[in-house]
2 protein chains.
Amino acid sequence: MDRLRREAGRVTRSRRVVLEALGRLQRPSTPKQIAEAVGSETCDLVTVYRSLKLFERLGLVQRIELGDGLARFEIADDDVHGHHHHHLVCRECNRIVRLEMCILADVERTLARRHGYAEIGHRLEFFGICPDCQKAEAQPRKRGKPGKD
Amino acid sequence: MDRLRREAGRVTRSRRVVLEALGRLQRPSTPKQIAEAVGSETCDLVTVYRSLKLFERLGLVQRIELGDGLARFEIADDDVHGHHHHHLVCRECNRIVRLEMCILADVERTLARRHGYAEIGHRLEFFGICPDCQKAEAQPRKRGKPGKD
DNA sequence: CTATGTGCAAACCGTTTGCACACAT
DNA sequence: ATGTGTGCAAACGGTTTGCACATAG
């Protein structure tokens, strides 16, 4: 929040509220989920989008892609660097487990050497069926909807 | 194609043409790119979508997500299993290198044990700046457009 | 001949943009 | 007071759907 005050725009009620909601939600959340958490009287969906874009630019928030075409956001790792992490996502209900490990730094180095690419990074997510959904296999839910994530 | 004849619907001109185009294109391609490769007089964009959905269901084709909100498709690895592969994508022009290795099988086993998830798979793509774009840093292109991929 | 596939137009859904009004500084 | 932020409505782009016509079997 002080970051905001220093580096860019104004500290408005909407922005404060969106950032708080993201903290409260604890998991990667879609703009719509955030808007709902906030309440439409409090802040318009469009403003959520604009705030998220700003926060992303400031590095306060990071975007997660799960491959279903929905943008998700979570509060950025506050560590200066490192603590880069991934997710394990249920294919049924989209429940998300956060994985603290990342083992791909040396793979990236190899790729840089072998293919001449620079600034290499990666996107890695795991997908499976979470324990609850394994139990509930009786009535499988439609996959890919924003479920418990 | 025989696969099609056996397992599902009819073998039509459109479907043959879409599958050929995918073979010819050699790289993960968006529905629009496929439709253009085919020519709009030959086959409507909507039909491309429907064919791709069918092919995906039959396992003839697989969907790639690069995180820019565009679906891309490529001919599925014909091997029974294995030959699961990933991509190295230029952040500027989207040029794609296909990586034949995958090292994550044991990571998946660990996750299954530790979190109780079943049927674990993953999505892993690498992003960087390809050699050409490093040279051309003068006029950087707008990122994220369907470029050379 | 009949069920399945196709083209066209329109719906859909997430996201972005234009514009007039509101508010933090 | 002034420039930035906001809400609303409308645009946008990829994808899906409804329906009448076409065609593979």
Side-chain angles (χ1 to χ4, degrees), chain A residues 1-2 4-19 21 28-36 38-58 61 63-73 94 142-147 149, chain B residues 1-19 21 28-36 38-58 60-61 63-73 94 142-147 149:
Chain A
M1 219 63 264
D2 1 305
L4 225 185
R5 194 167 291 116
R6 263 180 282 124
E7 302 191 21
R10 301 173 178 177
V11 179
T12 66
R13 175 175 152 69
S14 304
R15 292 179 180 170
R16 225 176 310 116
V17 157
V18 167
L19 209 48
S29 309
T30 64
K32 192 199 274 195
Q33 290 173 327
I34 296 166
E36 281 163 5
V38 151
S40 61
E41 352 69 41
T42 315
C43 173
D44 192 86
L45 176 59
V46 176
T47 300
V48 173
Y49 276 105
R50 290 195 268 227
S51 303
L52 289 171
K53 184 175 289 186
L54 171 66
F55 297 160
E56 195 184 9
R57 186 149 39 77
L58 295 184
V61 137
R63 176 188 299 257
I64 315 280
E65 302 277 356
L66 265 29
D68 60 356
L70 296 199
R72 284 178 176 75
F73 296 84
N94 271 331
K142 222 190 315 359
R143 297 191 175 190
K145 293 292 166 291
D149 57 338
Chain B
M1 218 64 262
D2 0 307
R3 185 80 177 284
L4 224 183
R5 194 168 292 117
R6 263 180 283 124
E7 303 193 19
R10 301 174 179 175
V11 179
T12 66
R13 175 175 153 70
S14 304
R15 291 177 179 172
R16 223 175 313 115
V17 158
V18 166
L19 209 48
S29 309
T30 64
K32 193 199 276 194
Q33 290 173 327
I34 297 167
E36 282 163 4
V38 151
S40 61
E41 352 68 41
T42 315
C43 173
D44 192 87
L45 176 58
V46 175
T47 300
V48 173
Y49 275 105
R50 290 195 269 227
S51 303
L52 289 171
K53 184 175 288 185
L54 171 67
F55 297 161
E56 195 184 7
R57 185 150 38 77
L58 295 184
L60 295 176
V61 137
R63 176 187 297 257
I64 315 279
E65 301 277 356
L66 265 29
D68 61 356
L70 296 200
R72 284 177 177 75
F73 296 84
N94 272 331
K142 225 197 297 13
R143 295 189 177 193
K145 293 293 165 286
D149 57 340

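A, B, ... follow the sequence lines: proteins, then strands. Residue 1 opens every chain.
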For the atom pair CD (B:E65) and CG (A:L66), what is the distance rounded to the nearest 0.5 Å? 10.0 Å
What's the CZ-P distance between B:R63 and D:dG14, to the nearest Å? 15 Å
Give A:S40 one of three labels, base, sugar-phosphate or nothing, depending on what nucleic acid heavy atoms sit under 4.0 Å from its own. nothing
Axis-to-axis angle across the helix from C:dC1-D:dG25 to C:dT25-D:dA1, five pairs an end, to 10 degrees? 30°
Starting from C1' on D:dT16, measure out to CG on A:D68 and report it in whole angstrom. 16 Å
How would you list, by chain and number, every residue that makes a salt bridge (charged side-chain N to carboxylate O under 4.0 Å, His left out) with B:E36, sequence neighbours excluded? none
Measure all distances between protein nitrogen or oxygen atoms and nitrogen or oxygen atoms of nucleotides 20-24 of chain D, and list the pairs falling under 3.5 Å.
from: D:dA24; atom 1: N3; to: B:R10; atom 2: NH1; distance (Å): 3.0

Closest non-hydrogen atom pair, B:R63 against B:A71: NH1-CB, 3.6 Å
Using a strict heavy-atom distance below 4.0 Å, which residues from residues 44-52 of chain A are in contact with DNA chain C? A:V46, A:Y49, A:R50
From CZ of A:F73 over to P of C:dT15, roughly how many Å is that when rounded to an integer? 7 Å
Measure the OG1-CD1 distance between B:T30 and B:I64 for me, rounded to the nearest 0.5 Å. 12.5 Å
Nearest to the side chain of A:C43 - D:dG7, D:dG14, D:dT16? D:dG7
Length of the CD1-P vector between B:I34 and D:dG14, whole Å: 14 Å
Report the distance from atom NZ of B:K32 to atom C1' of D:dC12, rounded to the nearest whole Å. 11 Å
Considering non-hydrogen atoms only, spot the tightest contact between A:R15 and A:F55 and give its length. O-CZ, 3.6 Å
Please report, rounded to the nearest Å, how far the P atom of C:dG14 is from the CG atom of A:L66. 15 Å
If I take atom CZ in residue A:R57 and atom P in nucleotide D:dG5, what distance separates them, rounded to the nearest angstrom? 9 Å
Please report the closest heavy-atom contact between A:L70 and A:D68, naming both atoms and the distance. N-OD1, 3.0 Å
Which whole-number value in Å describes the distance from B:L70 CG to C:dG14 P? 17 Å
Side-chain donor/acceptor pairs under 3.5 Å, residues 47-54 of chain A, sequence neighbours excluded:
from: A:S51; atom 1: OG; to: A:T47; atom 2: O; distance (Å): 2.8

